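Read through the structure below, which is laid out as structure tokens, and then see the notes.
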Amino acid sequence: MKVRTVFSTVESLQNRLKNAGKSNGIAFVPTMGALHQGHIELVKQALDLSETVVVSIFVNPTQFNSKEDLQNYPRTLENDLKLLETARDVIVFAPAVEEMYPPNFKTIDVELGELANVMEGKFRPGHFSGVMNVVHRLFEIVQPTFALFGEKDFQQLAVIRRMVEQLKLDVQIVPCETIRETSGLARSSRNQRLNSEELEDSLIIIESMRYAQSLVEQYSPQEVAEKTIDYFNKGKLRLEYLEIVNPTNLQPLYEWTSGARICIAAYCNEVRLIDNMELIK
Ligand code: PAF
């Protein structure tokens, strides 16, 4: 089946959704486009949950920390729509900035507490405020029963859960496993900006996470983190952070706990990559 129409206004989308989702609600996959197999997996899982699936494609300016990053973010709407054709009927919402942020737009304020100042929160000030505001606005527009998010953005998932909890939003957040290339590199829209040598260099991320996994029986989380940083630095990427954290509050771990996560952010030349993996003891 094919994607039929791309809705670009709130009004047209809401008209389309008026009688939709009666039996099993609406499943929603928010994206910034430049879709890849990881997104398609989210869409497939959404289709398992509900007959009505909405995919939004919107490069949200308020969550970027630099103008350059925003400018360089890949925009590939035509390809995105082609890729979505492989995933049955979905409703695509691709609004312009003015549609998402009208003059009467009101920002929300959520107390992120301990989630705010670690990892992405620390290195990308304002990023999560941008993410929460756009996701909240999208939720208001789509009124989903389910919203699906990839675990690759592990902290984003925690932040969105916190927002849903604090604002008592009536939506079920569904986490989806990270989809990887056969090389082990996590699928990401940013991978499109890597040449073949850089793709190769970026494998240090998955190799480091596997190295960390090989050490958990012998060492404490902090020792594993230190050794893994040394290992990572033998590669060519510039490390921003490598932390082993509690999966719920994302604070650095000093003793092993179930679901411990290693989280990495690093630059491959100009391209910032993030990834994470559960470490199993
Ligand atoms: O994960 C993303 O692609 C974005 O942060 C999201 C959730 C679509 C909000 O712009």
Side-chain angles (χ1 to χ4, degrees), residues 6-7 10 13 26-43 45-46 53-66 69-77 79-80 83-84 90-101 105 107-108 110 112 115-116 119-121 123-142 144 146-164 167 169 171-179 186-193 263 265 271-276:
V6 176
F7 295 89
V10 173
L13 177 75
I26 295 172
F28 176 44
V29 181
T31 83
M32 295 208 297
L35 302 185
H36 49 72
Q37 209 45 44
H39 294 112
I40 298 305
E41 285 306 315
L42 290 179
V43 172
Q45 293 189 37
V53 171
V54 177
V55 177
S56 64
I57 296 179
F58 178 65
V59 180
N60 174 34
T62 68
Q63 69 186 79
F64 285 82
N65 301 87
S66 86
D69 197 20
L70 173 61
Q71 268 162 13
N72 289 332
Y73 201 84
R75 289 157 173 87
T76 57
L77 185 62
N79 268 336
D80 294 347
L83 204 56
L84 285 172
V90 295
I91 296 167
V92 179
F93 179 51
V97 173
E98 302 72 42
E99 192 70 15
M100 286 298 288
Y101 297 114
F105 177 78
T107 54
I108 52 150
V110 170
L112 287 178
L115 297 180
M119 302 194 292
E120 297 300 287
F123 286 96
R124 301 187 69 188
H127 169 67
F128 285 131
S129 164
V131 170
M132 282 190 300
N133 272 285
V134 78
V135 170
H136 185 260
R137 167 98 175 112
L138 287 164
F139 283 180
E140 268 184 348
I141 296 168
V142 177
F146 308 99
L148 294 89
F149 293 88
E151 283 188 337
K152 185 171 101 49
D153 293 291
F154 196 70
Q155 191 168 5
Q156 169 170 283
L157 191 56
V159 161
I160 287 165
R161 282 189 160 129
R162 180 72 53 94
M163 173 183 82
V164 166
L167 302 181
L169 303 179
V171 54
Q172 191 179 320
I173 302 301
V174 182
C176 301
E177 250 179 51
T178 302
I179 304 296
R187 301 257 180 162
S188 163
S189 306
R190 290 170 194 264
N191 295 355
Q192 295 185 19
R193 294 175 56 202
C263 300
V271 182
R272 187 174 187 275
L273 300 170
I274 60 170
D275 203 348
N276 68 85

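We number each residue from 1, following the sequence as shown. Read the numbers this way: they start at 1 and go in the same order the structure lists the ligands and their atoms. Predicted model, so just to flag it, every value in this text is computed and none were measured.
- Set against the non-hydrogen atoms of V134, the atoms of ligand 1 under 4.0 Å away are 9 (C), 10 (O).
- Taking every non-hydrogen atom of P30 and a distance limit under 4.0 Å, the qualifying atoms of ligand 1 come out as 8 (C).
- A centroid separation of 6.0 Å or more is found between the aromatic rings of F28 and F146.
- Ligand 1 places these atoms under 4.0 Å from at least one heavy atom of M32: 3 (O), 4 (C), 8 (C), 10 (O).
- Between the N133 side chain and the T107 main chain, no donor and acceptor come within less than 3.5 Å of each other.
- Among the atoms of Q156, some N or O lies under 3.5 angstrom from an N or O of ligand 1.
- Separating the CG atom in N72 from the OG atom in S66 is a distance of 8.0 Å, to the nearest 0.5 Å.
- The distance criterion of under 3.5 Å between nitrogen or oxygen atoms is met by Q63 with respect to ligand 1.
- Near T31, meaning under 4.0 Å from one of its heavy atoms, ligand 1 places the atoms 8 (C).
- A distance of 8.5 Å separates CG in L273 from CG in D275, rounded to the nearest 0.5 Å.
- Between F105 and Y101, the two ring planes are perpendicular [angle over 60°; tilted spans 30° to 60°].
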